[in-house]
Asks: 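Here you go, one structure.
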Protein chains: 2
Amino acid sequence: MANIQEVAKKAGVSVATVSRVLNNNPSVTPKTRLKVENAIRDLDYEPSMLGRNLRNSESRLLLVLIPSISNPFYSDIINGIQNTAIANNYNILLCETNSSPERENIYFNMVKNKLADGVISMDPTVNMEKLTELAENHSIILCSEYEEGGSIPYVTINHELAAYHAVKHLIKLGNQKIALINSDEKFLYARQRRNGYERALKEFGLPLREEWIYHTHQLDFQDGVQAMRMLLRLDEKPTAVFAVSDTLAIGALKEINVCGLKAPDDIAVVGFDNISFSNMTNPTLTTIAQPMYKMGCTAANMLISIIRRNKVESMVLDHELIIRESTMG
Amino acid sequence: MANIQEVAKKAGVSVATVSRVLNNNPSVTPKTRLKVENAIRDLDYEPSMLGRNLRNSESRLLLVLIPSISNPFYSDIINGIQNTAIANNYNILLCETNSSPERENIYFNMVKNKLADGVISMDPTVNMEKLTELAENHSIILCSEYEEGGSIPYVTINHELAAYHAVKHLIKLGNQKIALINSDEKFLYARQRRNGYERALKEFGLPLREEWIYHTHQLDFQDGVQAMRMLLRLDEKPTAVFAVSDTLAIGALKEINVCGLKAPDDIAVVGFDNISFSNMTNPTLTTIAQPMYKMGCTAANMLISIIRRNKVESMVLDHELIIRESTMG
DNA sequence: GTGAAAGCGCTAACAA
DNA sequence: TTGTTAGCGCTTTCAC
């Protein structure tokens, strides 16, 4: 592949002029520009990003930290990030941390190494201390999961309110005994969603029973199956379940089915996330939709703002309750 | 962030020595090494990949082209690629083409621009002509989808044989009227799977009827629903269906259910891909598993070989029929 | 409007 | 063993 020197020689100009043409500098005469453009075409020249990036000390690469690619929850957010990034001449590097600190370190180093210009973290297990330290000298945004009172700007939804809406929907349908399938409460969103659940119950004077709250280890389908199995073994069975993720809810639906029960007649189920499969289950799943795509766009725009040394404000976006068959048979 | 000069100054050595320490060059005395390491620590120095990459004219970044992140089919392949890449000190850039030629162009240019050292393409809609041209001067591997008689090395499975196994399984269960839900036959895998389907039917002397072959536009759940709807309207309904993707099969299952029928009693269903949700449906889905993770590792290893200017051979990996409830109620 | 030259941070050939 | 220096490909300042 030709370099800028060869183009300059072929066009009979200096490398500076070639560079000007490449960067659309208006001070080049049309005639010179033409000569250069011809040389570029003849030599099939493409400017090397390596040289350009070194000179400009930027990589135009954004890191997106997610725990796992296979979690469908992130798909639309990533689409939003990606489209926004490309529109601003950035590319994204999708980084799977597998919740492993070593992996995380590799990516943090890429930022320090100037191989990336900024980070959008969606990993709830991220080492917040290290990330905050990194944020002192680099551009970082939190997306979805964030830190209360932290110094890093974030974009998220109101998890407490969303959970409140989900549970209120179940109450309005006449359910009095409502269980919560929650994930580990070391995660902020889990604590917030539990708060919303409790607030709804209290507001309607419904009992709050510890045995109706099940904590799963992960967010997998099997954890939902297991959770539902335990809830169905109780003497006083719940008539409705709010699961903090669709995968858990789909697992719960499966177990309800296996036990010969029917949703929503015997037990109503609400999930969270509106993943694409939530519309394919039988019955289809009532769930809370986060504005994924918009959240991604917002996160990317915020990050690019920070990179440009502008001030940004954290944002809280709206959610939506999507009512389907699992509560309204 | 400090650069190599400042470290050299602080350690009282030359930049060459610092570089040697960074690259574990054995010719540095322990004493000097210690001085340098101290300086590095004191200044919190991290070498700039930008400088290093320009000098070595490599980016240590591999491009992975997929049509869409949200397709769960790719998750495990990507995991395999990623782990192999990281083990070899490469990182991967996940590139969603959305089957758009412009997007594709952006990524092709990244390779020409030296922003990436190679490409693994899993996009069945990729412009094979352009890719082949790119492959003349750059390192490219095809994964899963490939070109018959093409010049680019690939890793894949035997789609024809896999389809043959799936259909033979249905025949062995006593099914005589077997439908095929295929995707667009502009894709090689679709043509090959159809061949496998036909070979099985012929081998057992079963009728091959055009109205039992339905071509979908996409691979979405809804396309499966639509396909099944059409098949169930036929006068002579099939008793079994082989769908060339799990998402299609899950859509088919849904429609069977909606029509008050039961799988496998009324209609048996086999999918393809063994995506994680295929185990969560009701009934769970019989399907063909491709060795996703291994395929990813193999593709990455092949690519890295090519980058190192070694010869590589295309590979065909084994598949497996996973029998679940949708055929064996 | 265009060219010469410095320099981004690093590595490696060559010299000492 | 260590230092000096050229140069990877590009952009940009300063002259002209």
Side-chain angles (χ1 to χ4, degrees), chain A residues 1-40 43-61 89 109-117 137, chain B residues 1-40 43-61 89 109-117 137:
Chain A
M1 172 73 70
N3 63 18
I4 200 172
Q5 308 262 13
E6 302 173 47
V7 175
K9 198 187 211 171
K10 172 124 194 164
V13 298
S14 72
V15 292
T17 302
V18 177
S19 176
R20 288 188 188 104
V21 171
L22 292 173
N23 293 285
N24 287 315
N25 187 318
S27 81
V28 185
T29 37
K31 201 173 135 194
T32 316
R33 178 178 298 276
L34 200 67
K35 278 197 298 186
V36 173
E37 281 165 350
N38 285 334
I40 288 175
L43 294 173
D44 207 17
Y45 167 75
E46 297 273 350
S48 156
M49 287 298 166
L50 252 33
R52 180 175 288 175
N53 291 347
L54 173 60
R55 172 64 216 222
N56 297 340
S57 70
E58 62 173 11
S59 64
R60 301 206 78 84
L61 225 48
N89 261 307
N109 277 333
M110 287 184 71
V111 181
K112 293 190 193 164
N113 289 339
K114 302 266 190 191
L115 249 195
D117 294 347
N137 295 306
Chain B
M1 174 72 71
N3 63 17
I4 200 172
Q5 309 263 14
E6 301 172 49
V7 175
K9 198 190 217 170
K10 173 121 189 165
V13 299
S14 73
V15 291
T17 302
V18 178
S19 177
R20 288 186 188 106
V21 171
L22 291 173
N23 294 286
N24 288 315
N25 186 318
S27 80
V28 184
T29 35
K31 202 173 135 194
T32 318
R33 177 177 298 276
L34 200 67
K35 278 196 298 183
V36 174
E37 280 165 351
N38 284 335
I40 288 175
L43 294 173
D44 208 16
Y45 166 77
E46 296 274 351
S48 157
M49 287 297 166
L50 252 35
R52 179 174 290 175
N53 291 347
L54 173 60
R55 172 64 217 219
N56 298 339
S57 71
E58 64 173 8
S59 64
R60 302 207 76 84
L61 225 46
N89 261 308
N109 277 333
M110 287 184 71
V111 181
K112 293 189 194 164
N113 288 339
K114 301 264 187 193
L115 251 194
D117 294 348
N137 296 304

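Side-chain atoms are counted along with the backbone in the values below, which use heavy atoms only and exclude waters and symmetry mates. Convention: sequence-line order gives letters A, B, ...; per-chain numbering from 1.
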Asks: Does a nitrogen or oxygen in the side chain of R52(B) sit under 4.0 Å from OP1 or OP2 of dT11(C)?
Replies: yes
Asks: How many whole angstroms separate atom CZ of R55(A) from atom P of dA5(C)?
Replies: 16 Å
Asks: Give the rounded distance in Å between these two atoms: CG of L115(B) and P of dG9(D).
Replies: 14 Å
Asks: Using a cut-off of less than 4.0 Å, is there contact between a side-chain N or O of T17(B) and OP1 or OP2 of dG3(D)?
Replies: yes
Asks: Rounded to whole angstroms, how far apart are CD on E46(A) and P on dC10(D)?
Replies: 11 Å
Asks: With heavy atoms under 4.0 Å as the rule, sort V28(B) into base, sugar-phosphate or nothing.
Replies: sugar-phosphate
Asks: Using 0.5 Å steps for rounding, measure from the CG atom of L61(B) to the CG atom of L61(A).
Replies: 6.0 Å
Asks: With a 4.0 Å limit, can you tell me whether S48(A) has a side-chain N or O closer than that to the phosphate oxygens OP1/OP2 of dG9(D)?
Replies: no
Asks: What is the distance, to the nearest angstrom, from the NZ atom on K35(A) to the P atom on dG1(C)?
Replies: 15 Å
Asks: So N53(B), base contact, sugar-phosphate only, or nothing? Heavy-atom distance under 4.0 Å.
Replies: nothing
Asks: If you compare all heavy atoms of L22(B) against all heavy atoms of P47(B), which two are closest, and at what distance to 0.1 Å?
Replies: CD1-CB, 4.2 Å
Asks: Regarding L54(A), tell me which of base, sugar-phosphate or nothing describes its non-hydrogen contacts under 4.0 Å with the strands shown.
Replies: base
Asks: At under 4.0 Å, does any side-chain N or O of T29(B) touch on OP1 or OP2 of dT2(D)?
Replies: yes
Asks: Looking at every heavy atom in both N24(A) and R33(A), which two are closest together, and how far apart are they?
Replies: OD1-NH1, 4.0 Å
Asks: Got a donor-acceptor pair under 3.5 Å from the side chain of R20(B) to the base of dG3(D)?
Replies: yes
Asks: Nearest whole Å is fine: how far is dG9(D) C1' from M49(B) CE?
Replies: 19 Å
Asks: Please work out if V13(A) contacts a base, only the sugar-phosphate, or nothing of the nucleic acid, heavy-atom cut-off 4.0 Å.
Replies: sugar-phosphate
Asks: Out of dG3(D), dG1(C), dT11(D), which has the shortest distance to the side chain of T32(A)?
Replies: dG1(C)
Asks: Examine dC10(D): is either OP1 or OP2 under 4.0 Å from a nitrogen or oxygen in the side chain of N56(A)? Give yes or no.
Replies: no
Asks: Nearest whole Å is fine: how far is dT1(D) C1' from L34(B) CG?
Replies: 16 Å
Asks: If you compare all heavy atoms of L115(B) against all heavy atoms of S59(B), which two are closest, and at what distance to 0.1 Å?
Replies: O-OG, 3.1 Å
Asks: What are the two closest heavy atoms between E37(A) and V21(A), and how far apart are they?
Replies: CG-CG1, 4.2 Å
Asks: For S57(B), which contact category applies under a 4.0 Å heavy-atom criterion: base, sugar-phosphate, or nothing?
Replies: nothing
